[in-house]
There are 2 protein chains.
Amino acid sequence: MSISSRFAVGIHILTLIKMNKNGVSSSEFLAGSVNTNPVVIRKIMGMLKNAGLVKVRPGIAGAELAKDLSEITLLDVYKAVNVVQDKELFSIHENPNPQCPVGRNIQHTIGPIFEIAQTALEKALGNVTVEDVERDMIEREKLNNKMLRNE
Amino acid sequence: MSISSRFAVGIHILTLIKMNKNGVSSSEFLAGSVNTNPVVIRKIMGMLKNAGLVKVRPGIAGAELAKDLSEITLLDVYKAVNVVQDKELFSIHENPNPQCPVGRNIQHTIGPIFEIAQTALEKALGNVTVEDVERDMIEREKLNNKMLRNE
DNA sequence: ATTACTTGTAATTATGATAGTTACAATTAT
DNA sequence: ATAATTGTAACTATCATAATTACAAGTAAT
């Protein structure tokens with residue numbers, strides 16, 4: 001099991017729109033960087049749009065950010081692209097036996113525990129903004145350039 | 001996306017073996033409580049056995065705990081049943097464009113962030129033992145019995 | 001030793017999510 | 001008009017899950 005790469009792609013898209021702010025970020029352009037089909041990008045873009053993170057209009061080339069990257073956490077992106085439903089990161093078997101003391105309590109007992117774990121995950125994502133991601137990339141580019149010059 | 005119910009079933013099994021310690025916990029018996037096929041139970045049991053959590057022997061009916069429930073955390077069960085691979089809770093798109101500043105850095109940038117989030121999740125699971133689960137169930141049973149007497 | 005029961009596995013199936021793709025209507029700009 | 005783009009629908013391939021059937025191998029009782 002793995003959480004859909006839509007999440008990673010969503011982060012990629014937002015960061016790239018920002019770094020390409022003087023250019024036009026069409027779905028074709030973004031797809032070229034992610035290395036996927038433009039339709040995949042448009043689908044994800046639709047979700048980011050519904051969540052109020054980007055501005056896109058039919059017929060008009062190029063997406064724009066609806067907020068500053070410092071105001072978008074990874075949790076916002078994660079929620080936007082619907083990779084995990086509320087309280088449903090962990091699945092629990094559906095029809096345990098009500099005649100059994102364990103069967104009739106298991107769902108109520110582990111449900112709240114699973115929620116705590118899911119919340120811990122989401123809190124960690126809420127502590128990072130897409131601007132942090134952008135900053136780290138800029139830093140990595142600087143380091144790479146330095147290394148190239150010294151070779 | 002959801003983490004396989006093998007995890008929840010694993011917790012169910014361990015708790016039930018304990019609460020049924022005076023009886024024989026065959027795969028058929030456990031399947032009856034989980035409400036699934038005995039083969040599903042045996043597969044999960046095999047994983048719990050490999051992780052050193054239960055003792056089972058071919059031909060001999062009934063599984064037993066290999067450790068006290070107080071020594072088994074939910075994280076141990078989660079690792080045992082292989083619902084999520086190490087560092088792979090979140091998937092990242094595979095071949096981003098190395099010609100693009102975002103494409104060539106995205107994996108290295110978000111990889112560690114995703115690991116932090118996954119670790120937060122796992123830490124939360126490590127804070128709870130299967131004994132805590134058992135205790136909560138016993139508590140719920142007591143409350144239910146009280147309510148029935150008062151009706 | 002035969003019988004009955006159990007565990008351990010392999011193989012098969014149905015289902016659902018993911019990611020990619022083609023096709024095309026609707027929209028906008030030149 | 002023409003060209004380019006977004007937004008969707010529809011279809012496909014692939015994979016994981018969970019359930020199921022079938023059966024070999026092990027154990028226990030008679």
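Sequence lines set the chain letters: A, B, ... in the order given, protein chains first and strands last, and positions in each chain run from 1. In what follows, every heavy atom counts, from backbone to side chain, and hydrogens, waters and symmetry copies are set aside. As the structure is a computational prediction, the values presented were derived from the model and not from experiment.
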Worksheet item: DNA chain D: A:P58 or A:M1, which has the more 5' nearest nucleotide?
Response: A:P58
Worksheet item: Using a cut-off of less than 4.0 Å, is there contact between a side-chain N or O of B:R6 and OP1 or OP2 of D:dT17?
Response: yes
Item to complete: Can you figure out which of C:dT7, D:dT6, D:dA22 approaches the side chain of B:V56 most closely?
Response: C:dT7
Worksheet item: Taking CG from A:N35 and C1' from C:dA19, how many angstroms apart are they, rounded to a whole number?
Response: 13 Å
Worksheet item: Of all the choices, C:dG20, D:dA22, D:dG7, which nucleotide is nearest to the side chain of A:K43 once you look at every atom?
Response: C:dG20
Practice prompt. Treating Ile, Leu, Val, Met, Phe, Trp and Tyr as nodes and any side-chain heavy-atom pair under 4.5 angstrom as an edge, say whether B:I60 and B:I44 lie in one connected cluster.
Written response: no
Worksheet item: If you measure from the Lys or Arg side-chain nitrogens to the Asp or Glu carboxylate oxygens, is any gap between B:R135 and B:E131 under 4.0 Å?
Response: yes
Worksheet item: Within this structure, what is the CG-to-P distance between A:N37 and D:dA9, rounded to whole angstrom?
Response: 17 Å
Practice prompt. Nearest whole angstrom, please: distance from the P of C:dG8 to the CG of B:L48.
Written response: 11 Å
Response to the item:
Closest of C:dA19, C:dT7, D:dA19 to the B:S27 side chain is C:dT7
Worksheet item: Which listed nucleotide (C:dT22, D:dT21, D:dA18) is nearest to the side chain of A:V39?
Response: C:dT22
Fill in: Value in whole Å for how far the P atom of D:dT8 lies from CZ of A:R57
16 Å
Worksheet, complete the sentence: By nearest-heavy-atom nucleotide on DNA chain C, the more 5' of A:T36 and A:I60 is A:T36
Worksheet item: Where the side chain of B:V40 is concerned, which of C:dG20, C:dA23, D:dA19 is the nearest nucleotide?
Response: D:dA19
Worksheet item: How many Å lie between CD1 on A:I92 and C1' on D:dA18, as a whole number?
Response: 16 Å
Item to complete: Would you mind reading off the distance between B:K55 atom NZ and C:dT6 atom P, rounded to a whole angstrom?
Response: 20 Å
Worksheet item: Does C:dG8 have OP1 or OP2 sitting under 4.0 Å from an N or O in the side chain of B:K49?
Response: yes
Practice prompt. Tell me whether B:L16 is reachable from B:V39 by hopping between hydrophobic residues (I, L, V, M, F, W, Y) whose side-chain heavy atoms are closer than 4.5 Å.
Written response: no
Item to complete: Assess whether atom CD of A:E28 is packed by more than 12 heavy atoms of other residues, nucleotides or ligands within 6.0 Å.
Response: no
Fill in: Spacing of B:R42 atom CZ relative to D:dA18 atom P, expressed in whole Å
17 Å
Worksheet entry | Whole-Å distance separating the CD1 atom of B:I3 from the P atom of D:dA16 | 15 Å
Discussion item. Please say yes or no: joined through hydrophobic side-chain contacts below 4.5 Å, possibly via intermediate residues, are B:L125 and B:M47 part of one cluster?
Written reply: yes
Practice prompt. Check whether any side-chain N or O of B:S4 sits under 4.0 Å from OP1 or OP2 of D:dA16, and answer yes or no.
Written response: no
